[in-house]
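Right, one structure below, let's go through it.
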Amino acid sequence: RFSDKSDFREYRISQTSQKPDLHTTETFSMVLPPPNVTGMLHLGHAYEDALQDTIIRYKRMLGKKALWIPGTDSAAIATQAKVEKDIQKEENKSRHDLGREELVKRVSIFAQKSESTILNQVRRMGSSLDWSRYAYTLDEKRKMAVSTAFAKMYEAGLIYRGNRIVNWDPKGQTTISDDEIIYEEREAKLYTFKYSADFPISISTTRPETKVGDTAVAVHPEDLRYQKYIGQEFDLIFCEIPIHIKIIADQAVEKEFGTGALGVTPAHSQIDWEIADRHNLHRPQVINEYAKMTVLGILKDKKITEARETVVAWLKEQNLLEKEENIKQNISTSERTGAIIEPLPKLQWWIDVNKKFEIPYSEIPGIKSGDQVSLKEIMRESVSSGAVKINQERFQKIYFHWIENLRDWCISRQIWFGHRIPVWYHENKCVPVLGREKEISKCQEIIIGEINAGTDLGLPEVGPRPPEFNCEFCAAKFIQDPDTLDTWFSSGLWTFSTLGWPEKTEDLKKFYPTSLICPGYEILQLWISRMILMSGFHLGQVPFKEVMIHGIVRDKNGKKFSKSLGNGIDPIEIIEKYGADALRIGLIIGTAFGNDVKFDENKIKGYKHFANKLWNVSRFVLENANLEVEPPSGIQPAYTLCRSDLHSTKHIQEFDNLTKDITSDMENYNLHLAAEKIYHYIWHTFADEILEESKEIFKKDPESAEAIERKKVLFYILENSLKILHPFMPFITEEIWCIINKNVNIKENLLIIQKWPYGKYS
RNA sequence: GCGCGGUUAGCUCAGUUGGUAGAGCAAUUCAUUUACACUGAAAAGGUCGCAGGUUCGAGUCCUGCACCGCGCACCA
């Protein structure tokens with residue numbers, strides 16, 4: 001399991017390192033952003049681990065109760081998509097061929113395998129996590145947290161079920177939230193045309209195929225060109241489909257765009273849906289979940305791309321097409337599958353971010369217990385009050401900007417792997433489906449049908465467990481909602497679900513809010529904001545006091561590491577070549593927090609040389625300045641014996657000043673500066689100057705007073721350098737430390753739990 | 001369209017409140033049984049993207065511009 005002894009030692013240290021220090025009550029806590037169990041970690045994770053471990057080791061050496069919680073994330077969509085793809089490739093089967101139970105089983109097996117790969121990688125990095133508190137987003141405790149959280153938010157009226165336009169991923173066959181969309185700029189054609197020769201207004205569109213779903217043409221209320229038509233209605237045949245168009249006036253229309261008239265397609269556009277709301281328009285759906293046309297005639301069953309060509313051809317044939325121009329368009333694609341998002345109306349679960357509710361308890365500055373607040377206000381206030389400090393201002397700006405534009409969060413997903421929505425429906429209102437797992441999606445359709453038809457389904461039962469009673473009238477059972485939750489719902493609870501919530505645990509009391517979180521900027525909106533939301537609602541507290549956002553690691557061409565590009569590097573490969581210490585410090589030095597890292601193997605190699613240098617420096621000091629004395633108590637490290645009468649010389653002062661300087665860098669999380677300073681000092685001052693001049697002194701007379709004094713100086717600098725360097729390079733420093741202290745009870749005197757040096761002699 | 005970053009040595013990047021421009025790698029010259037060739041010494045290399053401004057003094061602050069990247073919105 002461990003490739004070498006020092007590896008094992010480090011692992012053992014991490015196991016024992018959380019031993020409570022009775023002399024201090026100050027805590028420092030962090031959660032590890034849980035990696036997705038979708039395979040293995042890449043260098044980005046290695047960088048993130050290195051940063052956090054450096055910080056937690058530093059805080060631990062300051063004497064704080066330092067807790068760093070490990071965990072992994074089931075990453076519902078990502079993981080299921082990966083396994084589905086593999087199954088399709090290897091067995092040519094879809095998830096529907098396997099059925100829900102079998103698929104979830106297969107995904108879980110894959111997740112477990114990934115989990116052990118990942119945990120091994122994390123350990124190889126030297127991450128000093130508290131493994132006794134290990135959590136997985138889909139384990140029993142976290143399941144309880146998720147369903148409790150859902151139920152509480154449902155009861156507060158913040159979670160609701162509604163038929164609205166969703167972002168539909170036709171490839172993944174699921175909804176996704178606004179934040180899981182990636183915009184890509186592409187060339188598109190803007191067509192200007194009339195529905196028919198006798199229709200008075202021309203409209204423009206990039207999606208002619210959706211126009212069979214139009215129910216209105218909207219113009220700006222003050223647009224003089226179209227005033228006279230407002231209110232008129234037309235029955236037309238468009239592309240063999242009868243449509244009914246009403247001409248309406250709406251503020252949302254921009255006079256300057258295209259012809260200034262907008263063909264309203266309520267079922268396939270967010271904005272049009274809202275316009276339809278305001279004008280009470282009919283909303284026919286003309287495209288289905290597979291991105292195919294649902295209408296009859298020449299468009300029947302066609303994929304949207306084909307349908308587009310067909311409609312354009314029809315328009316040309318009818319002489320209705322007036323203009324065709326090339327424009328640039330931002331197209332929405334799914335973050336996970338890359339598919340083009342199809343806006344569709346669907347019945348889904350949502351979190352209302354604007355609805356006010358009475359917050360029972362609040363420690364968030366600016367929000368009092370009992371206040372009427374919205375989730376959006378919680379998110380804004382938590383950061384603007386300074387309770388959550390996002391340390392780089394630029395990311396704080398992005399955060400506020402995002403909140404301004406935030407809409408309700410769609411939390412239900414039509415995938416099978418993940419937290420199933422903890423809602424149970426009365427069986428008889430959902431037609432018989434028990435024992436027919438594959439039919440559940442059909443059940444969902446029927447529910448939608450009933451809702452659309454205005455049937456009152458009654459309130460569902462919401463809670464962590466199915467209702468334990470049968471229907472009092474017909475003895476029917478309850479069946480669970482077939483959908484699962486957005487993975488960020490459970491991730492949003494992470495800072496407190498890992499500490500035992502909803503139970504009132506000692507851990508929560510002691511370690512909450514957590515001190516720091518250290519995520520990449522790509523999940524600022526997806527994760528950081530959701531944690532602030534969830535923590536604010538459920539605990540009335542912020543999830544963490546500080547956020548240090550780091551950049552991403554790119555390959556030498558500046559490209560993001562990704563599976564599809566095949567440029568991923570396994571950190572283990574680098575560790576085997578250069579050592580974990582070299583990888584850690586090599587990633588940290590030269591990169592300010594928040595900036596991207598271009599990965600350069602040569603740089604890592606340079607720090608392997610440094611590890612070698614450090615080794616030799618230590619050897620020189622041990623061989624030439626052997627001051628080892630048998631410790632009288634058997635506990636005190638030997639070197640301390642020679643320290644009491646150490647005079648403050650030039651070298652000591654210089655080193656102590658450096659120590660102070662580095663400590664201040666560490667306090668400000670300027671890890672890159674601190675690491676570079678100690679690196680530079682050890683190599684170019686300690687080795688190149690002090691050791692060189694010591695050689696001369698020892699050559700003259702190794703027992704002279706000057707030589708003895710010098711030996712003490714060397715020891716002092718070496719031991720304190722090891723301490724300062726330890727957070728960055730834990731393996732080699734601990735190894736050397738143990739050699740230096742071979743006469744003492746090392747278990748109680750490991751470097752990892754030594755006190756950080758403050759520069760006592762300065 | 002709105003907003004946010006970046007632009008510093010050949011390459012990758014630091015530069016904390018304004019005070020003589022820094023590191024690693026690469027390249028050059030020299031040294032060589034040294035704790036360490038995973039070495040040492042020396043030298044070289046920059047109009048800090050461009051143009052203005054504030055200041056005794058600007059890589060750092062302000063304005064404008066260019067290119068690269070990102071976030072959001074729009075995406076009829």
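Lettering of chains follows the sequences in order, A, B, ..., and the numbering in each one begins at 1.
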Gap in Å between the two C1' atoms, one belonging to B/rG71 and one to B/rG59, rounded: 27 Å
Separation between the P atoms of B/rG15 and B/rU33, rounded to whole Å: 41 Å
Side-chain donor/acceptor contact of A/His401 with base of B/rG71 under 3.5 Å: yes
No-H, no-angle donor-acceptor pair, A/Glu404 side chain to B/rA73 base, under 3.5 Å: no
Strand-adjacent residues in residues 256-264 of chain A, judged by heavy atoms under 4.0 Å from RNA chain B: A/Phe257, A/Leu262
Check nucleotides 58-63 of chain B for protein N or O atoms closer than 3.5 Å to its own N or O atoms and list the pairs.
none

SB check A/Arg164 A/Asp408 (cutoff 4.0 Å): yes
Close residues, residues 268-276 of chain A, relative to RNA chain B [heavy-atom separation under 4.0 Å]: A/Ile271
Basic-acidic side-chain contact under 4.0 Å: A/Arg554, A/Asp596: yes
Inter-nucleotide P distance (B/rG5, B/rU63), Å rounded: 11 Å
By salt bridge (charged side-chain N to carboxylate O under 4.0 Å, His left out) - contacts of A/Glu180 (at least two apart): A/Arg413
Atom pair distance, as rounded to whole Å: OH in A/Tyr399 and C1' in B/rC70: 19 Å
Nearest-Å distance for atom pair CG/P, residues A/Leu622 and B/rC36: 14 Å
Aromatic ring pairing A/Phe238/A/Trp314, orientation class (parallel under 30°, perpendicular over 60°, tilted between): perpendicular
Between C1' of B/rA14 and NZ of A/Lys598, the distance in whole Å: 15 Å
Pair A/Phe655 + A/Tyr681: ring centers closer than 6.0 Å: yes
Rounded distance (Å) that lies between atom P of B/rC13 and atom CG of A/Leu671: 19 Å
ring-ring contact (aromatic ring centres under 6.0 Å, His included): pairs with one or both residues in residues 577-605 of chain A, sequence neighbours excluded: none
Nearest-neighbour nucleotide for the A/Asp688 side chain, B/rA73, B/rA41, B/rC36 considered: B/rA41
From B/rG71, B/rC74, B/rG15, nucleotide with atom closest to A/Ala592 side chain: B/rG15
Sugar-phosphate, base or nothing in reach of A/Ala218, heavy atoms under 4.0 Å: nothing
Rounded interatomic separation in angstrom, taking CG from A/Leu406 and P from B/rG71: 17 Å
Watson-Crick and G-U pairing of RNA chain B, under 3.5 Å, as dot-bracket with | and [ ]: (((((((..((((.....[..))))..((((.......))))......(((((..]....))))))))))))....
Length of the CH2-C1' vector between A/Trp402 and B/rC70, whole Å: 17 Å
Pairwise P distance, B/rA21 and B/rU47 [rounded to whole Å]: 13 Å
Touch class at under 4.0 angstrom, heavy-atom based, for A/Ile203 against every strand present: nothing
Heavy-atom protein contacts under 4.0 Å, nucleotides 16-27 of chain B, coded B base, S sugar-phosphate only, - none: B------SS---
Distance-only donor-acceptor test, A/Lys613 side-chain atoms vs B/rC36 base atoms, 3.5 Å: yes
Integer angstrom distance from the P of B/rA23 to that of B/rG6: 23 Å
Carboxylate-amine/guanidinium contact A/Arg207 A/Glu342, below 4.0 Å: yes
Sugar-phosphate, base or nothing in reach of A/Leu190, heavy atoms under 4.0 Å: sugar-phosphate
A/Gln329 or A/Phe395, whichever maps to the more 5' nucleotide of RNA chain B: A/Phe395
Donor-acceptor under 3.5 Å (A/His550 side chain, A/Gly520 main chain): yes
Salt-bridge criterion met for A/Arg380 and A/Glu377 (N-O under 4.0 Å): no
Whole-Å gap separating C1' (B/rC4) and CG (A/Asn405): 14 Å
Do any N or O atoms of the protein come closer than 3.5 Å to N or O atoms of nucleotides 5-8 of chain B, and which pairs are they?
none

Side-chain donor/acceptor pairs under 3.5 Å, residues 666-673 of chain A, sequence neighbours excluded:
| residue | atom | partner | partner atom | Å |
| --- | --- | --- | --- | --- |
| A/Glu667 | OE2 | A/Tyr58 | OH | 2.5 |
| A/Asn668 | ND2 | A/Ser664 | O | 3.0 |
| A/Tyr669 | OH | A/Glu546 | OE1 | 3.3 |

Donor-acceptor pair between A/Asp486 and A/Trp409 side chains, under 3.5 angstrom: yes
Inter-nucleotide P distance (B/rC70, B/rG18), Å rounded: 32 Å
Pairing of A/Lys605 and A/Asp600 as salt bridge, 4.0 angstrom limit: no
Side-chain H-bond candidate by donor/acceptor type, A/Ser202 with A/Glu322, under 3.5 Å: yes
Lys/Arg N to Asp/Glu carboxylate O, A/Arg336 vs A/Asp169, below 4.0 Å: no
Contacts of type ring pair (Phe, Tyr, Trp, His ring centres under 6.0 Å), residue A/His680, not counting sequence neighbours: A/His684
Touch class at under 4.0 angstrom, heavy-atom based, for A/Lys695 against every strand present: base
By salt bridge (charged side-chain N to carboxylate O under 4.0 Å, His left out) - contacts of A/Asp555 (at least two apart): none
By salt bridge (charged side-chain N to carboxylate O under 4.0 Å, His left out) - contacts of A/Glu522 (at least two apart): none
Nucleotide nearest A/Asn612 when distance is taken to its side chain, options B/rA35, B/rC38, B/rA73: B/rC38
Nearest-Å distance once atom C1' is located in both B/rG49 and B/rC68: 11 Å
Main-chain N/O of A/Thr265 paired with A/Ser269 side-chain donor or acceptor, under 3.5 Å: no
B/rA66 versus B/rC30 - spacing of their C1' atoms, nearest Å: 45 Å
Parallel, tilted or perpendicular: rings of A/Tyr229 and A/Tyr226 (30°, 60°): tilted
Side chain of A/His672 (C-beta onward), nearest among B/rC13, B/rA14, B/rC72: B/rA14
Check: A/Trp168/A/Thr175 side-chain N/O donor and acceptor closer than 3.5 Å: no
Partner of A/Thr206 under side chain to side chain donor-acceptor pair (under 3.5 Å), chosen from A/Gln329, A/Lys189, A/Arg308: A/Gln329
